2 protein chains.
Amino acid sequence: MTDDARWLDETEARAWLGYRRMFLLLNREVARDLAQECGLSEADYDVLSNLSGAPGDSIRLTKLAAHLKWSKSRLSHQLTRMQQRGLISREEHPSDARGAVIVLTEEGRRTIEEAAPNHVASVRRNFIDLLTPQQLAAFGDIAWSVVERLNEAAAPQKTS
Amino acid sequence: MTDDARWLDETEARAWLGYRRMFLLLNREVARDLAQECGLSEADYDVLSNLSGAPGDSIRLTKLAAHLKWSKSRLSHQLTRMQQRGLISREEHPSDARGAVIVLTEEGRRTIEEAAPNHVASVRRNFIDLLTPQQLAAFGDIAWSVVERLNEAAAPQKTS
DNA sequence: CCAGTGTAGTTGACACGTCACCATCTCCCC
DNA sequence: GGGGAGATGGTGACGTGTCAACTACACTGG
(Lines give C-alpha, C1' and ligand atoms only; values in the text may rest on other atoms or scores of the structure.)
Protein backbone atom coordinates (compact mmCIF):
# COMPACT_ATOMS: atom_id res chain seq x y z
CA MET A 1 0.00 0.00 0.00
CA THR A 2 2.54 2.56 1.12
CA ASP A 3 5.09 1.22 -1.30
CA ASP A 4 2.82 1.55 -4.27
CA ALA A 5 2.13 5.13 -3.37
CA ARG A 6 5.75 6.04 -4.03
CA TRP A 7 5.57 4.78 -7.57
CA LEU A 8 2.08 5.61 -8.69
CA ASP A 9 0.74 9.12 -8.65
CA GLU A 10 -2.13 9.99 -6.39
CA THR A 11 -4.90 9.25 -8.86
CA GLU A 12 -3.33 5.99 -9.95
CA ALA A 13 -2.75 4.78 -6.42
CA ARG A 14 -6.27 5.74 -5.42
CA ALA A 15 -7.69 3.76 -8.31
CA TRP A 16 -5.55 0.68 -7.68
CA LEU A 17 -5.91 0.57 -3.93
CA GLY A 18 -9.59 1.32 -4.27
CA TYR A 19 -9.93 -1.60 -6.62
CA ARG A 20 -8.13 -3.92 -4.25
CA ARG A 21 -10.09 -2.83 -1.24
CA MET A 22 -13.44 -2.82 -2.99
CA PHE A 23 -12.92 -6.26 -4.35
CA LEU A 24 -11.82 -7.58 -0.97
CA LEU A 25 -14.92 -6.29 0.81
CA LEU A 26 -17.43 -6.80 -1.96
CA ASN A 27 -16.48 -10.38 -2.69
CA ARG A 28 -16.55 -11.19 0.98
CA GLU A 29 -20.05 -9.80 1.44
CA VAL A 30 -21.54 -11.36 -1.63
CA ALA A 31 -19.91 -14.71 -0.98
CA ARG A 32 -21.08 -14.71 2.61
CA ASP A 33 -24.66 -13.90 1.61
CA LEU A 34 -24.68 -16.63 -0.98
CA ALA A 35 -23.23 -19.18 1.41
CA GLN A 36 -25.56 -18.40 4.28
CA GLU A 37 -28.76 -17.94 2.33
CA CYS A 38 -28.32 -20.60 -0.30
CA GLY A 39 -25.44 -22.82 0.74
CA LEU A 40 -23.61 -21.99 -2.47
CA SER A 41 -20.25 -20.49 -3.34
CA GLU A 42 -19.90 -17.90 -6.06
CA ALA A 43 -18.28 -20.58 -8.18
CA ASP A 44 -21.26 -22.86 -7.66
CA TYR A 45 -23.60 -20.06 -8.62
CA ASP A 46 -21.72 -19.22 -11.79
CA VAL A 47 -21.73 -22.82 -12.94
CA LEU A 48 -25.38 -23.42 -12.16
CA SER A 49 -26.36 -20.14 -13.71
CA ASN A 50 -24.60 -20.92 -16.94
CA LEU A 51 -25.98 -24.43 -17.05
CA SER A 52 -29.54 -23.32 -16.49
CA GLY A 53 -29.31 -21.00 -19.47
CA ALA A 54 -27.94 -23.64 -21.80
CA PRO A 55 -30.09 -25.69 -24.18
CA GLY A 56 -30.99 -29.00 -22.57
CA ASP A 57 -29.51 -27.78 -19.30
CA SER A 58 -26.23 -29.26 -20.45
CA ILE A 59 -22.98 -28.13 -21.93
CA ARG A 60 -19.58 -29.41 -22.86
CA LEU A 61 -16.86 -28.91 -20.24
CA THR A 62 -14.46 -27.00 -22.46
CA LYS A 63 -17.20 -24.75 -23.71
CA LEU A 64 -18.32 -23.97 -20.21
CA ALA A 65 -14.76 -23.29 -19.14
CA ALA A 66 -14.30 -20.88 -22.04
CA HIS A 67 -17.54 -19.15 -21.24
CA LEU A 68 -16.61 -18.68 -17.62
CA LYS A 69 -12.98 -17.90 -18.49
CA TRP A 70 -11.90 -20.64 -16.10
CA SER A 71 -9.20 -23.20 -16.62
CA LYS A 72 -10.44 -26.68 -17.47
CA SER A 73 -8.69 -27.94 -14.38
CA ARG A 74 -10.50 -25.53 -12.12
CA LEU A 75 -13.81 -26.40 -13.66
CA SER A 76 -13.16 -30.11 -13.38
CA HIS A 77 -12.40 -29.82 -9.67
CA GLN A 78 -15.44 -27.65 -9.17
CA LEU A 79 -17.65 -30.10 -11.02
CA THR A 80 -16.35 -32.98 -8.93
CA ARG A 81 -17.43 -31.18 -5.78
CA MET A 82 -20.78 -30.20 -7.25
CA GLN A 83 -21.35 -33.71 -8.49
CA GLN A 84 -20.80 -35.07 -4.99
CA ARG A 85 -23.50 -32.74 -3.77
CA GLY A 86 -25.88 -33.80 -6.50
CA LEU A 87 -26.11 -30.45 -8.24
CA ILE A 88 -24.81 -31.63 -11.59
CA SER A 89 -23.94 -34.87 -13.29
CA ARG A 90 -21.41 -35.86 -15.93
CA GLU A 91 -22.53 -37.85 -18.91
CA GLU A 92 -20.80 -39.25 -21.95
CA HIS A 93 -20.81 -37.28 -25.13
CA PRO A 94 -22.65 -39.23 -27.84
CA SER A 95 -20.15 -38.63 -30.64
CA ASP A 96 -16.89 -37.75 -28.92
CA ALA A 97 -15.63 -40.40 -26.53
CA ARG A 98 -13.29 -37.93 -24.83
CA GLY A 99 -16.07 -35.57 -24.08
CA ALA A 100 -17.95 -35.10 -20.88
CA VAL A 101 -21.29 -33.39 -20.97
CA ILE A 102 -22.26 -31.53 -17.87
CA VAL A 103 -25.93 -31.77 -17.01
CA LEU A 104 -27.93 -29.81 -14.49
CA THR A 105 -29.81 -32.16 -12.17
CA GLU A 106 -33.30 -31.53 -10.84
CA GLU A 107 -31.80 -30.58 -7.53
CA GLY A 108 -29.41 -28.25 -9.28
CA ARG A 109 -32.28 -26.55 -11.05
CA ARG A 110 -34.24 -26.16 -7.86
CA THR A 111 -31.18 -24.77 -6.12
CA ILE A 112 -30.34 -22.14 -8.70
CA GLU A 113 -33.92 -21.02 -9.07
CA GLU A 114 -34.20 -20.56 -5.36
CA ALA A 115 -30.82 -18.85 -5.09
CA ALA A 116 -31.13 -16.39 -7.93
CA PRO A 117 -33.48 -13.84 -6.30
CA ASN A 118 -31.44 -13.84 -3.10
CA HIS A 119 -28.25 -13.38 -4.98
CA VAL A 120 -29.56 -10.53 -7.07
CA ALA A 121 -30.80 -8.86 -3.92
CA SER A 122 -27.37 -9.27 -2.38
CA VAL A 123 -25.69 -7.77 -5.42
CA ARG A 124 -28.07 -4.83 -5.27
CA ARG A 125 -27.50 -4.33 -1.56
CA ASN A 126 -23.72 -4.53 -1.74
CA PHE A 127 -23.02 -2.87 -5.04
CA ILE A 128 -25.73 -1.64 -7.36
CA ASP A 129 -27.63 0.40 -4.80
CA LEU A 130 -24.47 2.07 -3.55
CA LEU A 131 -23.90 3.82 -6.86
CA THR A 132 -25.77 6.23 -9.08
CA PRO A 133 -26.90 5.16 -12.56
CA GLN A 134 -24.19 7.40 -13.99
CA GLN A 135 -21.55 5.74 -11.85
CA LEU A 136 -22.81 2.31 -12.84
CA ALA A 137 -22.64 3.18 -16.50
CA ALA A 138 -19.13 4.58 -16.12
CA PHE A 139 -18.05 1.56 -14.13
CA GLY A 140 -19.35 -0.82 -16.78
CA ASP A 141 -17.48 1.02 -19.51
CA ILE A 142 -14.26 1.01 -17.55
CA ALA A 143 -14.45 -2.62 -16.46
CA TRP A 144 -15.22 -3.96 -19.91
CA SER A 145 -12.51 -1.86 -21.49
CA VAL A 146 -10.00 -3.40 -19.08
CA VAL A 147 -11.40 -6.84 -19.83
CA GLU A 148 -11.07 -6.34 -23.57
CA ARG A 149 -7.48 -5.20 -23.30
CA LEU A 150 -6.58 -8.11 -21.06
CA ASN A 151 -8.26 -10.55 -23.42
CA GLU A 152 -6.35 -9.16 -26.37
CA ALA A 153 -3.10 -9.52 -24.50
CA ALA A 154 -3.88 -13.04 -23.36
CA ALA A 155 -5.15 -14.44 -26.65
CA PRO A 156 -4.14 -12.29 -29.62
CA GLN A 157 -4.73 -15.08 -32.13
CA LYS A 158 -8.22 -16.48 -31.56
CA THR A 159 -11.04 -14.82 -33.40
CA SER A 160 -14.05 -16.96 -32.45
CA MET B 1 -24.70 -14.54 -15.86
CA THR B 2 -27.86 -15.08 -17.81
CA ASP B 3 -29.84 -15.34 -14.62
CA ASP B 4 -28.60 -12.03 -13.34
CA ALA B 5 -29.53 -10.41 -16.59
CA ARG B 6 -33.18 -11.14 -16.01
CA TRP B 7 -33.20 -9.24 -12.76
CA LEU B 8 -30.82 -6.38 -13.35
CA ASP B 9 -31.30 -3.87 -16.09
CA GLU B 10 -28.78 -3.61 -18.86
CA THR B 11 -26.56 -1.02 -17.23
CA GLU B 12 -26.61 -2.79 -13.89
CA ALA B 13 -25.82 -6.16 -15.36
CA ARG B 14 -23.05 -4.69 -17.46
CA ALA B 15 -21.50 -3.13 -14.39
CA TRP B 16 -21.78 -6.24 -12.24
CA LEU B 17 -20.62 -8.73 -14.84
CA GLY B 18 -17.87 -6.36 -15.89
CA TYR B 19 -16.72 -6.19 -12.32
CA ARG B 20 -16.69 -9.95 -11.97
CA ARG B 21 -14.88 -10.52 -15.22
CA MET B 22 -12.37 -7.76 -14.70
CA PHE B 23 -11.51 -8.97 -11.27
CA LEU B 24 -11.13 -12.54 -12.50
CA LEU B 25 -8.70 -11.60 -15.26
CA LEU B 26 -6.87 -8.79 -13.52
CA ASN B 27 -6.17 -10.71 -10.34
CA ARG B 28 -4.98 -13.65 -12.34
CA GLU B 29 -2.51 -11.57 -14.34
CA VAL B 30 -1.14 -9.60 -11.45
CA ALA B 31 -0.85 -12.65 -9.23
CA ARG B 32 0.91 -14.58 -11.95
CA ASP B 33 3.39 -11.78 -12.55
CA LEU B 34 4.14 -11.48 -8.88
CA ALA B 35 4.58 -15.21 -8.47
CA GLN B 36 6.82 -15.66 -11.49
CA GLU B 37 8.95 -12.55 -11.10
CA CYS B 38 9.25 -12.41 -7.34
CA GLY B 39 8.03 -15.70 -5.92
CA LEU B 40 5.40 -13.87 -3.91
CA SER B 41 1.63 -14.03 -3.68
CA GLU B 42 -0.45 -10.89 -3.50
CA ALA B 43 -1.05 -11.67 0.14
CA ASP B 44 2.70 -11.88 0.75
CA TYR B 45 3.18 -8.57 -0.98
CA ASP B 46 0.49 -6.82 1.01
CA VAL B 47 1.91 -8.00 4.31
CA LEU B 48 5.49 -7.14 3.44
CA SER B 49 4.47 -3.81 2.05
CA ASN B 50 2.63 -2.85 5.20
CA LEU B 51 5.42 -4.05 7.42
CA SER B 52 8.07 -2.14 5.56
CA GLY B 53 6.15 1.07 6.06
CA ALA B 54 5.69 0.57 9.79
CA PRO B 55 7.96 2.11 12.44
CA GLY B 56 10.65 -0.39 13.40
CA ASP B 57 9.52 -2.67 10.58
CA SER B 58 7.15 -4.24 13.09
CA ILE B 59 3.50 -4.17 13.98
CA ARG B 60 0.98 -5.86 16.22
CA LEU B 61 -1.00 -8.66 14.57
CA THR B 62 -4.43 -7.25 15.30
CA LYS B 63 -3.41 -3.82 14.06
CA LEU B 64 -2.05 -5.27 10.85
CA ALA B 65 -5.19 -7.32 10.36
CA ALA B 66 -7.32 -4.21 10.80
CA HIS B 67 -5.18 -2.27 8.39
CA LEU B 68 -5.40 -4.94 5.74
CA LYS B 69 -9.06 -5.61 6.55
CA TRP B 70 -8.19 -9.27 6.99
CA SER B 71 -9.45 -11.63 9.66
CA LYS B 72 -6.96 -12.45 12.39
CA SER B 73 -7.21 -16.06 11.39
CA ARG B 74 -6.28 -15.39 7.81
CA LEU B 75 -3.37 -13.24 8.86
CA SER B 76 -2.15 -15.81 11.34
CA HIS B 77 -2.13 -18.54 8.71
CA GLN B 78 -0.40 -16.24 6.26
CA LEU B 79 2.24 -15.27 8.82
CA THR B 80 2.91 -18.92 9.62
CA ARG B 81 3.69 -19.57 5.99
CA MET B 82 5.79 -16.43 5.64
CA GLN B 83 7.66 -17.24 8.82
CA GLN B 84 8.57 -20.65 7.45
CA ARG B 85 10.06 -18.93 4.43
CA GLY B 86 11.98 -16.51 6.61
CA LEU B 87 10.25 -13.36 5.44
CA ILE B 88 8.97 -12.31 8.84
CA SER B 89 9.35 -13.35 12.45
CA ARG B 90 7.08 -13.28 15.46
CA GLU B 91 8.33 -11.80 18.72
CA GLU B 92 6.80 -11.35 22.12
CA HIS B 93 5.16 -8.11 23.00
CA PRO B 94 7.07 -6.43 25.87
CA SER B 95 4.03 -5.45 27.95
CA ASP B 96 1.26 -7.77 26.78
CA ALA B 97 2.04 -11.43 27.11
CA ARG B 98 -0.80 -12.33 24.77
CA GLY B 99 0.56 -10.18 22.04
CA ALA B 100 2.67 -11.15 19.09
CA VAL B 101 4.70 -8.56 17.30
CA ILE B 102 5.35 -9.17 13.65
CA VAL B 103 8.79 -8.16 12.49
CA LEU B 104 10.16 -7.85 8.98
CA THR B 105 13.36 -9.85 8.61
CA GLU B 106 16.34 -8.76 6.58
CA GLU B 107 15.34 -11.21 3.92
CA GLY B 108 11.81 -9.87 3.98
CA ARG B 109 13.09 -6.35 3.46
CA ARG B 110 15.30 -7.42 0.59
CA THR B 111 12.41 -9.31 -0.98
CA ILE B 112 9.90 -6.49 -0.85
CA GLU B 113 12.38 -3.91 -2.10
CA GLU B 114 13.19 -6.12 -5.03
CA ALA B 115 9.56 -6.94 -5.72
CA ALA B 116 8.08 -3.48 -5.55
CA PRO B 117 9.25 -2.12 -8.92
CA ASN B 118 8.20 -5.29 -10.70
CA HIS B 119 4.83 -5.23 -9.07
CA VAL B 120 4.21 -1.60 -9.88
CA ALA B 121 5.15 -2.29 -13.47
CA SER B 122 2.73 -5.20 -13.54
CA VAL B 123 -0.06 -3.06 -12.14
CA ARG B 124 0.65 -0.43 -14.78
CA ARG B 125 0.71 -2.97 -17.56
CA ASN B 126 -2.47 -4.74 -16.53
CA PHE B 127 -4.56 -1.88 -15.25
CA ILE B 128 -3.26 1.69 -15.07
CA ASP B 129 -2.05 1.92 -18.65
CA LEU B 130 -5.28 0.49 -20.01
CA LEU B 131 -7.29 3.48 -18.83
CA THR B 132 -7.26 7.21 -19.36
CA PRO B 133 -6.52 9.55 -16.45
CA GLN B 134 -10.19 10.51 -16.45
CA GLN B 135 -11.23 6.90 -16.22
CA LEU B 136 -8.75 6.28 -13.42
CA ALA B 137 -10.08 9.21 -11.45
CA ALA B 138 -13.65 8.10 -11.96
CA PHE B 139 -12.77 4.55 -11.02
CA GLY B 140 -11.10 5.66 -7.81
CA ASP B 141 -14.13 7.70 -6.81
CA ILE B 142 -16.48 4.84 -7.49
CA ALA B 143 -14.39 2.19 -5.77
CA TRP B 144 -13.85 4.19 -2.61
CA SER B 145 -17.47 5.17 -2.42
CA VAL B 146 -18.40 1.48 -2.49
CA VAL B 147 -15.76 0.76 0.13
CA GLU B 148 -17.06 3.47 2.44
CA ARG B 149 -20.62 2.24 2.19
CA LEU B 150 -19.57 -1.33 2.85
CA ASN B 151 -17.50 -0.25 5.83
CA GLU B 152 -20.41 1.66 7.30
CA ALA B 153 -22.65 -1.34 6.91
CA ALA B 154 -20.11 -3.71 8.43
CA ALA B 155 -19.04 -1.59 11.43
CA PRO B 156 -21.50 1.19 12.23
CA GLN B 157 -20.24 1.55 15.80
CA LYS B 158 -16.47 2.00 15.74
CA THR B 159 -15.16 5.52 15.36
CA SER B 160 -11.39 5.06 15.65
C1' DC C 1 -7.74 -11.73 45.18
C1' DC C 2 -10.74 -14.15 42.28
C1' DA C 3 -14.75 -14.72 39.05
C1' DG C 4 -16.42 -13.20 34.89
C1' DT C 5 -15.86 -11.08 30.59
C1' DG C 6 -13.33 -9.59 26.80
C1' DT C 7 -9.20 -9.64 23.80
C1' DA C 8 -4.94 -11.67 21.30
C1' DG C 9 -3.72 -15.04 18.70
C1' DT C 10 -3.63 -20.02 17.09
C1' DT C 11 -5.36 -24.24 15.16
C1' DG C 12 -7.93 -27.87 12.38
C1' DA C 13 -10.97 -28.98 8.95
C1' DC C 14 -12.52 -27.93 4.75
C1' DA C 15 -13.50 -25.49 0.20
C1' DC C 16 -11.17 -23.33 -3.44
C1' DG C 17 -7.65 -22.31 -7.47
C1' DT C 18 -3.25 -23.22 -9.78
C1' DC C 19 0.29 -25.77 -11.70
C1' DA C 20 2.24 -29.70 -13.69
C1' DC C 21 1.40 -33.86 -15.45
C1' DC C 22 -1.19 -37.63 -17.38
C1' DA C 23 -4.43 -40.80 -20.14
C1' DT C 24 -7.40 -40.86 -23.77
C1' DC C 25 -9.32 -39.79 -27.94
C1' DT C 26 -9.85 -37.18 -32.64
C1' DC C 27 -8.28 -35.39 -36.78
C1' DC C 28 -5.51 -34.85 -40.61
C1' DC C 29 -2.15 -35.93 -43.84
C1' DC C 30 0.89 -38.94 -45.91
C1' DG D 1 -4.93 -46.82 -42.41
C1' DG D 2 -1.05 -45.51 -39.47
C1' DG D 3 1.24 -41.95 -36.94
C1' DG D 4 1.81 -37.67 -34.93
C1' DA D 5 -0.25 -33.29 -33.40
C1' DG D 6 -3.60 -31.32 -30.86
C1' DA D 7 -7.75 -31.45 -28.09
C1' DT D 8 -10.57 -33.33 -24.04
C1' DG D 9 -10.77 -34.03 -19.48
C1' DG D 10 -8.97 -35.69 -14.94
C1' DT D 11 -5.63 -35.98 -10.84
C1' DG D 12 -2.36 -34.90 -7.01
C1' DA D 13 0.09 -31.68 -4.55
C1' DC D 14 0.24 -27.41 -2.74
C1' DG D 15 -0.85 -22.59 -1.17
C1' DT D 16 -4.68 -19.95 0.20
C1' DG D 17 -9.12 -18.20 2.84
C1' DT D 18 -13.05 -19.21 6.03
C1' DC D 19 -15.39 -20.79 9.90
C1' DA D 20 -15.62 -22.50 14.41
C1' DA D 21 -13.49 -23.76 18.35
C1' DC D 22 -9.86 -23.16 21.47
C1' DT D 23 -5.85 -21.40 24.70
C1' DA D 24 -3.93 -17.92 27.18
C1' DC D 25 -3.75 -13.68 29.02
C1' DA D 26 -5.77 -8.88 30.59
C1' DC D 27 -9.04 -6.16 32.85
C1' DT D 28 -12.79 -4.96 35.94
C1' DG D 29 -15.97 -5.23 39.84
C1' DG D 30 -16.98 -7.38 43.99
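A note on names: the letters A, B, ... follow the listed sequences, proteins ahead of strands, and every chain is numbered from 1. What you are looking at is a predicted structure, and each value in this text was computed from that prediction instead of being measured.
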Exercise for review: Specify the separation, in whole Å, of atom NZ of A/K72 and atom C1' of C/dA23.
Suggested key: 14 Å
Practice item. Please check if atom CD in B/E42 has more than 12 non-hydrogen atoms from other residues, nucleotides or ligands closer than 6.0 Å. Key: yes
Point to revise | Interatomic distance where CG belongs to A/L68 and P belongs to C/dG17 [whole Å] | key: 11 Å
Exercise for review: Round to a whole Å and report the spacing from CG of B/N27 to P of D/dG17.
Suggested key: 11 Å
Check your understanding: Which part of the nucleic acid, if any, lies within contact of B/S73, taking any heavy atom under 4.0 Å across all strands shown: a base, the sugar-phosphate backbone alone, or nothing?
Key -> base
Exercise for review: Compare side-chain N and O positions of B/T62 against OP1 and OP2 of C/dG9 and report whether any pair is under 4.0 Å apart.
Suggested key: yes
Practice item. Apply the test side-chain hydrogen bond (donor to acceptor under 3.5 Å, both in side chains) to residues B/N27 and A/Y19: give CA-CA distance (whole Å), side-chain angles for both, the deciding distance (0.1 Å), then the verdict. Key: CA-CA 11 Å; B/N27 274 25; A/Y19 162 73; 2.7 Å; yes
Check your understanding: B/F23 has an atom CZ; how far is it from atom P of C/dC16, in whole Å?
Key -> 14 Å
Check your understanding: Where the side chain of A/E12 meets the backbone of A/D9, is there a donor-acceptor pair that is under 3.5 Å apart?
Key -> yes
Practice item. Indicate the atoms forming the closest heavy-atom contact of A/L40 with A/A115, along with that distance. Key: CD1-CB, 3.8 Å
Revision key, fill the gap. Between A/A43 and A/A97, whichever has its closest DNA chain C nucleotide further toward 5' is A/A43
**Study point:** Spacing of A/L34 atom CG relative to D/dC19 atom C1', expressed in whole Å
**Key:** 16 Å
**Study point:** Distance-only polar pair, side chains of A/R90 and A/T80, donor-acceptor under 3.5 Å
**Key:** yes
Practice item. Write down the distance between CG (B/L61) and C1' (C/dA8), rounded to a whole number of angstrom. Key: 8 Å
Practice item. Return yes if the base of C/dT7 and the side-chain atoms of B/R98 contain a donor-acceptor N/O pair under 3.5 Å, otherwise no. Key: yes
Exercise for review: May I ask you to decide whether B/R149 forms a salt bridge with A/D129, counting only side-chain N to carboxylate O separations under 4.0 Å?
Suggested key: no
Check your understanding: Hey, which of these two, A/S41 or B/D96, hits DNA chain C nearer its 5' end, going by closest nucleotide?
Key -> B/D96
Check your understanding: To the nearest Å, how far apart are B/D44 CG and D/dG15 P?
Key -> 11 Å
Practice item. Take atom NZ of B/K69 and atom C1' of D/dT18, then tell me their distance rounded to the nearest Å. Key: 18 Å
Revision key, fill the gap. Of A/K63 and A/R28, the one whose closest nucleotide on DNA chain D sits nearer the 5' end is A/K63
Study note, to complete from the structure: Within residues 99-110 of chain A, the residues having a heavy atom closer than 4.0 Å to DNA chain D are A/G99, A/A100
Review point. So, are B/E37 and B/R125 salt-bridged, with charged N and O less than 4.0 Å apart?
Key: yes
Exercise for review: Could you tell me whether the phosphate oxygens of C/dT18, OP1 or OP2, come under 4.0 Å of any side-chain nitrogen or oxygen in B/R32?
Suggested key: no
Exercise for review: Consider only side-chain N and O atoms of B/N118 and B/S122, and report whether a donor and an acceptor are under 3.5 Å apart.
Suggested key: no
Study note, to complete from the structure: Contact check, residues 74-93 of chain A vs DNA chain C, heavy-atom distance under 4.0 Å, returns A/R74, A/H77, A/Q78, A/R81
Review point. Less than 4.0 Å between a side-chain N and a carboxylate O, is that true for A/D44 and A/R85?
Key: yes
Check your understanding: Are any side-chain N or O atoms of B/S58 and backbone N or O atoms of B/V101, one a donor and one an acceptor, separated by less than 3.5 Å?
Key -> no
